[in-house]
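To start, the structure itself, in structure tokens.
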Amino acid sequence: MPSAWESAAAGLSNHVVAEMRTRARRMEPPGCLLPDAARRYTRQYVRRERRTQRNRIGVGEGVNVLEDLTPAQREAVEHGEGPLLVLAGPGSGKTRVVTRRIARLIERGVSPRSILAITFTNKAAETMRSRVHQLVPGAPVWVSTFHRFSAMLLRRYAEVVGLRPNYSILDDSDQRRAIKQVLQDLDYDPAHYSPDRVAGRIGQLKGDLVTADQFSRQYEEGIGNNWDQVVAHVYPAYQRWLLESNAVDFDDLLLHVASLLSEHPELRRQLDHRYQFVLVDEYQDTNAAQYRIIAALSQEHPNIQATGDPDQSIYAWRGARIENILRFEREFPDCHVVKLEQNFRSTQAIVRSADRLIAHNRQRKAKRLVTDNAPGEDVELVCFDDASQEAAGIARRIHQLAGEQAIPWSEFAIVYRVNALSRQVEMALRRERIPYQVAAGAAFYDRAEIKDALAYLRLAANPFDRAAFARAVNTPLRGLGETSQRRLAQWADLERIGLLDACRRAGDVPKLSKNAARGFRAFAELIGRLDIAKSGSVGDLLTEIVDRSGLAAAWIHSPREEDQQRLGNVQELITAARQYDEAAGDERSIDGFLEQCALISDSDSVDDAAGSVTLMTLHSAKGLEFRVVFVLGVEEGLIPHERSLRDVSGFELEEERRLLFVGMTRAKERLFLTQTRIRTFRGRTLASIPSLFTTEAEVSRVDETALGVPDLYVQARDFERTSDDESADKKDDAVGAAKRADVPERPLLMTGAELLNGGKPSAAPNANRFDEGMLVRHPRYGLGTIVEVSRVSSRTNVTVRFAHEDRVQTFVAEKSPLQPVGVKNGAAADAVCE
DNA sequence: AGAGAGACCATTTTT
DNA sequence: TGGTCTCTCT
């Protein structure tokens with residue numbers, strides 16, 4: 001095996017790795033090998049421990065970890081050994097308590113290495129790590145997300161579950177593709193059994209610790225419905241596919257580790273000993289697998305701290321169990337409970353509204369939420385005519401507050417229930433030239449060119465990765481089409497060898513054309529030459545990949561904007577790799593970088609220092625705070641989401657209420673809820689119904705509609721604000737205008753979609769905006785001039801001569817992404833920007 | 001093999 | 001509404 005294997009297994013001595021490998025090959029039951037490996041691991045750990053102690057890591061000078069704490073906070077921070085449950089309301093200083101307690105433990109002589117802090121998001125882990133380091137410089141406390149922690153353990157003990165340490169982590173689309181293939185192999189029509197739903201069900205099962213074997217056995221015993229019969233077939237086949245690819249999906253990371261811990265008592269014991277203090281954040285969002293993992297690490301050393309707030313549980317739909325937090329006290333009977341109820345984040349007005357809202361949940365432990373902060377301004381519920389007014393109104397208020405109170409852009413957040421709602425707000429912000437960022441970090445890694453480049457990297461690390469093979473083998477095109485690939489794969493299955501090995505012996509594959517065989521061999525050779533040891537770093541290796549694979553060659557000389565963009569994106573990926581190289585130092589490995597890429601999430605991209613307004617879903621807003629928050633679309637069907645209304649138990653409705661509660665409590669100073677009279681969603685325009693929650697939260701109403709709010713909105717228990725809307729509006733405009741004057745002019749170029757969507761709603765997207773001689777731009781072919789416009793019945797054909805290669809092409813105006821260039825601030829631009 | 005047209009479909013939240 | 005997938009034409 002190549003060196004990647006060795007470096008991935010760096011945690012174990014070569015001897016142990018070799019032993020594991022032979023035993024895995026001999027298919028010996030892993031149980032007999034584990035204690036040995038674990039013991040060696042522990043010995044290593046103890047050695048490292050001694051080194052650490054010699055280095056004398058301690059609380060920084062002048063730091064008093066008990067300073068500025070409320071009695072309740074101090075009680076939690078001072079807690080020594082034994083289980084601790086911290087029920088922490090929003091803004092109650094939860095992170096502060098956790099980090100201070102870690103520092104306090106170290107101060108009392110607990111080794112930093114025996115402390116493990118687990119969060120849900122990378123961002124939360126990052127914050128916690130840096131805060132701990134502020135208190136205890138250089139402390140090697142392990143702060144990690146559930147998934148990263150599991151990935152790390154799984155690398156170390158991969159053999160035990162039948163994997164190799166260089167396993168790949170599949171993303172959602174790989175997973176869906178794999179399931180689709182498995183469905184087809186089993187003669188199910190993916191059109192009828194959507195891979196999405198099957199994947200969803202499998203994910204659910206994995207989260208609940210139901211293995212493929214268990215589930216198919218259940219089915220054999222006659223339990224389950226029709227749909228589950230299919231899943232009972234697909235799930236085990238999919239797991240086999242994963243194992244053969246030496247790959248896992250997200251849920252596997254947790255499931256594998258959970259079973260590792262429960263099936264190997266000796267290993268569990270060792271790790272329990274290794275991580276003596278375990279602190280879990282957002283405990284209310286743990287699912288069965290996560291619960292199993294942390295419980296397993298807290299048997300002999302039950303120094304577990306669970307921090308959470310049942311009122312902020314918003315992932316029950318994903319298998320999170322609120323019961324876990326209730327069960328905690330039962331599972332750890334001598335557990336100490338601390339309640340943090342004082343809010344330090346928000347004004348009284350915000351806290352009051354949020355508290356009133358959440359009080360409507362019936363399945364809930366009563367909890368107060370109080371604050372000593374300033375009274376603050378009323379929470380406002382602003383009603384607009386439609387979504388574009390709503391977006392404009394939000395943008396205007398942001399301008400106003402930014403101008404009047406000198407609030408930086410980064411202190412504003414706009415949150416919504418579904419991603420689809422962000423579009424109009426984005427347009428409004430762009431129009432107003434307000435810098436913004438959308439929390440969508442994963443989007444970068446979703447791009448085809450990024451996945452392609454990473455596929456090569458994945459193959460270099462893990463030659464069995466079928467998903468990566470399928471992606472890379474014919475990208476860029478090598479004439480290795482579907483048929484050739486199928487022949488190769490069939491033969492590989494027959495010979496029981498990996499696809500890459502099959503490539504090397506492509507000459508032996510029956511019915512394969514000479515060209516194809518040569519192509520496969522060349523591909524195998526290309527992958528074989530990729531070697532991290534020779535390249536030195538992941539960044540260099542990636543550069544080599546992009547060069548040698550021919551990915552870049554196709555783009556470099558292309559006039560297409562999208563190709564240039566691709567090139568730029570890949571360069572950005574290389575930059576990311578170099579950053580990784582630097583951060584990881586000697587520890588760097590392909591696996592490490594790939595793992596980082598795979599486990600990134602949307603909210604991770606939120607950059608506090610970016611100086612821009614943040615747009616995000618309510619879910620990803622959890623854990624963050626902003627001075628000003630807008631929650632948009634607070635309407636029946638959105639919040640609460642229509643799906644939740646179908647649940648007669650009311651459980652899902654309560655989760656929606658918690659979701660809004662989470663959103664509201666992100667605000668420090670000002671909170672706006674917005675709604676519209678009509679909303680266009682999925683191409684359908686409907687009159688909206690104000691959300692039940694708006695009355696429950698007891699907020700002030702502000703009317704910004706042209707004709708006044710209809711009766712529907714003026715409800716019996718209404719809390720009218722005698723608002724001087726008109727004068728306020730005028731002031732808005734004055735301030736807005738002053739501010740706007742400072743920023744550069746609006747952009748002259750907009751995309752075709754913007755041109756179409758930004759126009760007046762009545763004016764059908766008109767093809768008439770194209771004229772002969774007009775300068776236009778096509779995202780694919782670049783700049784060109786219109787040489788002919790012809791109208792055939794209702795459609796308009798536009799013929800364009802492009803500068804590049806003197807290409808002439810005809811488009812249907814209504815369908816093409818063609819856009820006019822250099823539109824002056826004349827009629828067209830005004831129509832666009834209104 | 002590539003581009004465009006048209007059908008089809010989904011449409012909650014995420015590591 | 002729009003994004004994706006498939007079909008068809010070149």
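Each chain gets a letter, A, B and so on, in the order the sequences are listed, and its residues count up from 1. Model, not experiment: these values are computed from the prediction.
- The base of B:dT13 is not paired with the side chain of A:Arg318 by any donor and acceptor separated by under 3.5 Å.
- In terms of the side-chain hydrogen bond (donor to acceptor under 3.5 Å, both in side chains) criterion, residue partners of A:Thr680 (sequence neighbours excluded) are, by chain and number, A:Thr685.
- A:Asn419 comes within contact range of the sugar-phosphate backbone alone, with a heavy-atom separation under 4.0 Å but no base atom that close.
- Residue contacts shown for A:Tyr315 are limited to sugar-phosphate atoms, with no base heavy atom under 4.0 Å away.
- DNA chain B is contacted by both A:Ala598 and A:Gly479; A:Gly479 maps to the nucleotide lying nearer its 5′ end (nearest heavy atom per residue).
- The side-chain hydrogen bond (donor to acceptor under 3.5 Å, both in side chains) test applied to A:Asp172 returns no partner, not counting sequence neighbours.
- Rounded to whole Å, the distance from CG on A:Asp446 to C1' on B:dT14 is 12 Å.
- A:Glu282 pairs by the side-chain hydrogen bond (donor to acceptor under 3.5 Å, both in side chains) definition with A:Lys94, A:Gln284, not counting sequence neighbours.
- Straight-line distance from the CG atom of A:Asp281 to the C1' atom of B:dT15: 15 Å, rounded to whole Å.
- Between A:Leu421 atom CG and C:dG2 atom P there is a gap of 14 Å when expressed in whole angstrom units.
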Can you check nucleotides 8-10 of chain C for protein contacts, nitrogen or oxygen pairs under 3.5 Å, and list what you find?
none

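- The residue A:Leu477 sits close only to the backbone: its heavy atoms come under 4.0 Å of sugar-phosphate atoms, none of a base.
- Residue-environment remark: CZ (A:Arg471) exceeds the threshold of 12 foreign heavy atoms within 6.0 Å.
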Pairs under 3.5 angstrom, nitrogen or oxygen only, protein versus nucleotides 3-7 of chain C, please.
unit_1, atom_1, unit_2, atom_2, d
C:dG3, OP1, A:Arg423, NH2, 3.1

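- For A:Arg478 (side chain) and A:Gly519 (main-chain N/O), no donor-acceptor pair under 3.5 Å exists by modelled atom type.
- B:dT14 atom P lies 7 Å from atom CH2 of A:Trp317, rounded to whole Å.
- B:dT15 atom C1' lies 9 Å from atom CG of A:Asp172, rounded to whole Å.
- Toward the 5′ end of DNA chain B lies the nearest nucleotide of A:Leu480, the other residue of the pair A:Leu480 and A:Val418 mapping further downstream.
- Atom C1' of nucleotide B:dT13 and atom CD of A:Glu652 are separated by 12 Å, given to the nearest angstrom.
- Here A:Ser620 lies in heavy-atom contact (under 4.0 Å) with sugar-phosphate atoms only.
- Among the atoms of the strands shown, only primed sugar atoms or phosphate atoms (P, OP1, OP2) are found under 4.0 Å from some heavy atom of A:Phe120.
- For the side-chain contact (heavy atoms from CB on, under 4.5 Å) with A:Tyr238, the qualifying choice from A:Val198, A:Leu183, A:Asp249 is A:Asp249, the only one to do so.
- Residue A:Leu653 contributes atom CG, which lies 16 Å from atom C1' of B:dT13 at whole-angstrom precision.
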Practice problem: Evaluate ring-ring contact (aromatic ring centres under 6.0 Å, His included) for A:Tyr315 paired with A:His619, printing each intermediate quantity in order. | Solution: CA-CA 9 Å; A:Tyr315 286 107; A:His619 281 88; 5.2 Å; yes
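- A salt bridge does not link A:Asp386 to A:Arg677: none of the charged side-chain nitrogens sits closer than 4.0 Å to a carboxylate oxygen.
- An OP1 or OP2 oxygen of C:dT1 is reached within less than 4.0 angstrom by no side-chain nitrogen or oxygen of A:Thr680.
- The NZ-P distance, from A:Lys622 to B:dT13, rounds to 15 Å in whole Å.
- A:Asp647 places a side-chain N or O within donor-acceptor distance of the main-chain N or O of A:Ser649, the cut-off being under 3.5 Å.
- Every residue meeting the side-chain hydrogen bond (donor to acceptor under 3.5 Å, both in side chains) condition with A:Tyr188, not counting sequence neighbours, appears here in chain and number order: A:His233.
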